[in-house]
Amino acid sequence: MDAQYRPEIIEPEAQQHWQERQAYRVSEDDSKPKYYCLSMFPYPSGKLHMGHVRNYTIGDVLARYYRMRGYNVLQPMGWDAFGLPAENAALANNVAPASWTYANIDYMRGQLKRLGLAIDWSRELATCSPDYYRWEQWLFTRLFEKGVIYKKMATVNWDPVDHTVLANEQVIDGRGWRSGALVEKRDIPMYFFRITDYAEELLGGLDHLPGWPERVKTMQRNWIGKSYGVEVHFPLGPVHQAGDPVLKVFTTRADTLFGVTFMAVAAEHPLARQAASHNAELAAFIAECKQGSTAEADLATMEKKGMDTGLKVYHPFTNEPLPVFVANYVLMGYGEGALMAVPAHDERDFAFARKYGLPIQVVIRPEEAGEGPISLPFLEPGILVDSGDFTGRGSADAQDKIALVLKNLGLGERRTTYRLRDWGISRQRYWGCPIPIIHCPTCGDVPVPERDLPVLLPEDVRLEVGSPLKRMPEWSRCPCPKCGGEAQRETDTMDTFVESSWYYARYACPGLETGMLDGRANHWLPVDQYIGGIEHAILHLLYARFFHKLMRDEGLVDSDEPFANLLTQGMVVAETYYRDLRDGKKLWLNPADVEVERDARGQTVAARLLADGQPVVIGGVEKMSKSKNNGVDPQTLIDRYGADTARLFTMFAAPPELSLEWSDAGVEGAHRFLKRLWKAVYEHVQTGRVSAFSGGELSDELKALRRQLHQTIAKVGDDIERRKQFNTAIAAIMELMNALTRMESDEAHARAVKQEVLEAVVLLLAPMVPHICRALLKALRPGACLVGADWPRVDESALARDEIELMLQVNGRLRGKFRVAADAGKEAVERAALASPELKRHLDGKPVRKVVVVPGRLVNVVAGDTA
RNA sequence: GCGCGGGUGGUGGAACGGGUAGACACACCGGACUUAAAAUCCGGAACCUUCGGGUGUACGGGUUCGAUUCCCGUCCCGCGCACCA
């Protein structure tokens with residue numbers, strides 16, 4: 001064994017060994033329990049970033065841990081390879097998106113291998129490969145025929161200069177990112193998945209996912225947004241008969257119906273169009289509403305504007321005429337595209353009524369308020385006032401009664417709605433999976449027959465603004481599969497979320513050429529542990545759950561949910577540094593090029609650029625990003641310290657769910673620990689071979705060390721398996737190593753215990769830092785191999801104690817400590833506490849009123865005059 | 001704007017079901033070794049203090065024998081918002 005820790009030698013050696021032995025290749029094996037450990041696959045952006053290192057290390061720790069626990073572990077890897085960045089790179093560098101993507105995949109695969117992940121590479125997939133996307137097209141055609149996919153108009157961001165559709169990301173402050181033109185809303189036909197048909201199941205299913213974080217389930221519940229309410233019809237004429245036209249709205253607050261003072265409709269609403277046809281001012285306002293992006297955050301924060309259409313609708317109960325406004329915050333295709341406004345009891349309506357001088361009618365009062373004034377808007381439920389026959393009823397009761405009366409009048413009924421909208425998957429982009437539809441002038445939209453799949457995406461293209469597919473008639477022109485007449489292929493591609501909605505299942509079926517999935521999918525699914533960023537809490541995770549149910553209903557899988565347990569990791573952040581430039585912009589400097597200065601207490605006081613020694617401004621900690629130039633390249637880290645240091649640092653610096661702050665010094669610390677570990681093993685084996693302790697009478701010191709060892713084994717297992725908190729597991733191992741260092745005896749028993757501790761430490765750390773542990777295990781136990789090694793066992797007898805220390809509190813404040821026998825009863829503990837010398841001092845002559853004994857923890861003596 | 005999280009020493013964080021606040025590590029300070037430096041090893045430390053103790057987990061309140069932990073309110077930061085992935 002080398003006296004020095006040399007990661008640059010032992011890491012490639014270990015990786016080569018694992019590769020040659022195909023140590024992590026797995027197949028279905030019913031003799032062992034299966035464990036499918038999956039990390040969200042990367043987008044091949046060019047090179048690995050620290051977020052990837054964190055994500056894949058967490059996955060690898062779990063995969064390796066469960067392997068040591070005797071599970072048949074599947075850990076696959078692949079590439080989410082379609083998407084916008086490839087098109088951007090193509091435009092910027094004049095390369096085809098395909099070759100850019102494949103080159104990135106090759107480079108990043110090498111980086112992943114250098115991390116030493118226990119991955120079964122024989123299952124690797126890339127979503128841009130026809131072998132993959134053909135099955136997505138196949139499923140699309142089946143779902144289209146089933147009616148799960150349908151076509152309708154939808155609103156997109158339109159760049160009027162570049163004549164292209166823009167992604168929300170490409171709209172900056174309401175302008176196109178390249179042209180700078182004010183973005184407009186435009187309606188185009190798109191294909192939609194009927195995810196709303198599954199809303200109820202997607203909602204209910206969350207109750208059967210105990211392995212998901214509560215906050216992710218809450219976010220999904222709110223996103224689906226089930227609400228119970230009433231559809232109310234407002235007649236368009238003062239005299240209404242069944243079948244006459246009405247304005248339909250949905251409300252969750254039917255109890256406020258008598259407080260309606262106006263109506264608001266979307267700019268695209270038929271009533272608005274109708275009114276605008278003979279009102280130029282209104283037409284201009286509607287045109288103005290068409291400006292701006294479609295992103296909900298933009299719509300919600302923009303100034304609320306409206307204009308009276310001059311039209312009136314009539315209150316279903318009072319027949320009172322109500323003005324109809326066009327408002328820019330009401331969205332078509334969102335509910336009915338119209339709402340009833342109750343300014344007294346809704347925040348947005350209140351602001352709007354104030355702005356346009358519309359009446360505010362209070363119809364709900366708090367139960368306890370009496371006659372006094374209330375502050376508006378009053379949003380809580382309460383008691384109805386000024387509400388005709390319903391006055392005096394409570395809100396909930398009134399909602400029921402109002403719905404009933406509306407139903408009898410034929411002017412509405414109870415309805416359950418969802419906030420969730422159908423999933424539009426058409427993208428007017430090139431680098432994506434072609435939508436397998438042929439448009440025939442006679443037959444309409446015809447799905448591409450199975451024998452003609454896949455619809456291949458041409459890869460050898462030149463990119464300009466807009467999709468090249470739309471300029472390739474030789475590609476889009478084709479015969480209609482039904483009538484044989486001349487037809488056109490759909491040139492839109494699918495949302496890349498479609499590919500990432502089923503890759504986890506395809507990993508189970510590598511090489512399958514005759515279908516999307518086979519029986520192997522049911523062997524491995526559901527995924528036992530899914531790991532990825534919290535930013536995917538809603539969209540990706542909801543789409544994947546939905547897709548799983550679609551595949552289930554097609555008979556492709558037999559489970560209901562794809563991911564049994566979910567771990568959402570936090571972001572990787574780093575300090576930012578900049579200098580102000582003359583033009584008012586900032587020059588962002590990479591942390592690797594900056595040196596910080598600290599005062600005598602260790603507080604940062606200044607920072608300087610290494611290159612010129614001149615000061616720079618410290619900009620605060622932010623998510624690693626290109627724009628702030630605060631990304632730290634994991635490759636540099638791995639080259640300098642090795643993969644194990646990179647892995648140990650990312651696992652130790654923060655618990656997985658919190659954000660992780662990059663720290664050069666923290667990396668050094670992790671590296672130092674590995675060097676100390678290496679040295680401890682080296683010095684131990686230098687003094688000759690010894691077997692691990694297996695029994696005999698030990699000194700108190702050695703007993704205590706063994707107790708700590710077995711406590712640590714129990715804690716590390718619990719931290720990894722139940723708590724998924726690796727930082728505390730590593731801290732416990734560090735404490736154990738510190739205790740071992742303090743133990744200096746070298747008599748036979750001591751050396752045997754030392755051997756036991758070191759063997760166990762190496763195995764406990766193996767999931768986190770596998771390369772060094774492989775080398776150290778071989779040194780400690782020649783001939784032993786980490787692949788196939790078992791997780792250490794807890795020796796219960798080593799945990800026993802004779803005496804324990806308890807805390808003594810007086811009135812909730814810590815005043816002393818005392819020792820009692822480990823098996824002392826409550827009364828004995830109380831007696832010991834009352835006899836302790838600290839108590840008398842702190843009682844200060846006051847009588848003891850109460851004694852609280854918390855077994856194994858503390859005794860709290862409550863003293864003082866009875867008040 | 002709406003939804004969801006978070007806020008603890010100089011720093012990252014620990015405290016697992018309401019029971020010792022600050023484990024472990026980084027940074028800092030001191031010491032040993034060295035001609036010197038680096039590396040390594042050992043030690044110190046939340047803050048204030050009249051050395052009795054007092055104060056401390058963003059801020060203000062509440063529940064409790066006891067609150068970082070539970071409840072209410074406020075402020076700040078982060079994530080998501082349906083075409084970034």
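Proteins get letters first, then strands, A, B, ... in listed order; numbering begins at 1 in each. Both backbone and side-chain heavy atoms feed into the values below; hydrogens, waters and symmetry mates do not.
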Scan every strand shown for a Watson-Crick or G-U wobble partner of [N], both distances under 3.5 Å, and answer none if you come up empty.
{"N": "B:rG1", "answer": "B:rC81"}
{"N": "B:rA25", "answer": "B:rU11"}
{"N": "B:rC59", "answer": "B:rG73"}
{"N": "B:rU68", "answer": "none"}
{"N": "B:rU20", "answer": "none"}
{"N": "B:rA45", "answer": "none"}

Inset, instruction - Taking A:Asp346 for its side chain and A:Asp349 for its backbone only, find out whether a donor-acceptor pair lies under 3.5 Å. - result: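 Yes, the answer is positive, given that a donor and an acceptor are paired below the 3.5 Å cut-off.
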At under 4.0 Å between heavy atoms, what does [X] touch on the DNA or RNA strands: base, sugar-phosphate, or nothing?
{"X": "A:Arg427", "answer": "base"}
{"X": "A:Arg723", "answer": "base"}
{"X": "A:Arg221", "answer": "nothing"}
{"X": "A:Ala732", "answer": "nothing"}
{"X": "A:Thr496", "answer": "sugar-phosphate"}
{"X": "A:His536", "answer": "base"}
{"X": "A:Met807", "answer": "base"}
{"X": "A:Asp80", "answer": "sugar-phosphate"}
{"X": "A:Ser659", "answer": "sugar-phosphate"}
{"X": "A:Val156", "answer": "base"}
{"X": "A:Pro655", "answer": "sugar-phosphate"}
{"X": "A:Ala537", "answer": "nothing"}
{"X": "A:Val165", "answer": "base"}
{"X": "A:Met190", "answer": "base"}

Inset, instruction - May I ask you to check whether over 12 heavy atoms, not counting those of A:Arg640, lie within 6.0 Å of atom CZ? - result: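 Atom CZ in A:Arg640 is not packed in, count stays at 12 or less.
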Using atom [atom1] of [X] as one end and atom [atom2] of [N] as the other, report the distance to the nearest whole Å.
{"X": "A:Lys623", "N": "B:rC79", "atom1": "NZ", "atom2": "C1'", "answer": "8 Å"}
{"X": "A:Asn860", "N": "B:rU20", "atom1": "CG", "atom2": "C1'", "answer": "12 Å"}
{"X": "A:Glu657", "N": "B:rA14", "atom1": "CD", "atom2": "P", "answer": "11 Å"}
{"X": "A:Gln708", "N": "B:rA23", "atom1": "CD", "atom2": "P", "answer": "15 Å"}
{"X": "A:Leu814", "N": "B:rG56", "atom1": "CG", "atom2": "P", "answer": "16 Å"}
{"X": "A:Lys628", "N": "B:rG78", "atom1": "NZ", "atom2": "C1'", "answer": "13 Å"}
{"X": "A:Met737", "N": "B:rA23", "atom1": "CE", "atom2": "P", "answer": "20 Å"}
{"X": "A:Asn55", "N": "B:rA85", "atom1": "CG", "atom2": "P", "answer": "18 Å"}

Legend entry - Qualifying residue for side chain to side chain contact (heavy atoms under 4.5 Å, CB included) with A:Ser179, from A:Leu166, A:Val465, A:Asp162: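 Output: one option passes, namely A:Asp162.
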Legend entry - B:rG9 glycosidic torsion: syn (within 90° of 0) vs anti: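 Here the answer is syn: the torsion falls within 90° of 0.
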Legend entry - Where the chi angle of B:rG43 falls, syn if within 90° of 0 and anti if not: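 With its glycosidic angle more than 90° from zero, B:rG43 counts as anti.
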Any [X] side-chain nitrogen or oxygen under 4.0 Å from OP1 or OP2 of [N]:
{"X": "A:Asn168", "N": "B:rC81", "value": "no"}
{"X": "A:Asn738", "N": "B:rA25", "value": "yes"}
{"X": "A:Arg672", "N": "B:rC26", "value": "yes"}

Inset, instruction - Test for a donor-acceptor pair under 3.5 Å between the base of B:rC16 and the side chain of A:Arg722, counting only N and O atoms. - result: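 It does, because a donor-acceptor pair links the side chain of A:Arg722 to the base of B:rC16 below 3.5 Å.
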Inset, instruction - Would you name the heavy atoms of A:Ala199 and A:Leu420 that are closest together and state the gap between them? - result: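 A:Ala199 and A:Leu420 have their closest heavy atoms at CB-CD2, 4.1 Å.
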Inset, instruction - Please name the pair of heavy atoms, one in A:Tyr56 and one in A:Met40, separated by the smallest distance, quoted to 0.1 Å. - result: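 For A:Tyr56 and A:Met40, the tightest heavy-atom pair comes out as OH-O, 2.8 Å.
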Inset, instruction - Only one of A:Trp79, A:Phe82, A:Tyr503, A:Trp502 passes ring pair (Phe, Tyr, Trp, His ring centres under 6.0 Å) with A:Tyr132; say which it is. - result: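 Among A:Trp79, A:Phe82, A:Tyr503, A:Trp502, the one meeting ring pair (Phe, Tyr, Trp, His ring centres under 6.0 Å) with A:Tyr132 is A:Trp502.
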Legend entry - Position toward the 5' end of RNA chain B (nearest nucleotide), A:Arg348 or A:Gly812: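 Residue closer to the 5' terminus by nearest nucleotide: A:Arg348.
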Side chain of [X]: nearest nucleotide among [options]?
{"X": "A:Ile538", "options": "B:rC65, B:rG80, B:rA14", "result": "B:rG80"}
{"X": "A:Lys675", "options": "B:rU40, B:rC4, B:rC81", "result": "B:rU40"}
{"X": "A:Met571", "options": "B:rC81, B:rG78, B:rG5", "result": "B:rG78"}
{"X": "A:Trp223", "options": "B:rC65, B:rA85, B:rA82", "result": "B:rA82"}

Legend entry - Test: A:Arg54 and A:Glu657 ion pair at under 4.0 Å: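 No, no charged N to carboxylate O under 4.0 Å.
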Inset, instruction - Determine, for A:Glu838 against A:Arg841, whether the closest basic-nitrogen to carboxylate-oxygen distance falls under 4.0 angstrom. - result: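 Result for this pair is no, no salt bridge flagged.
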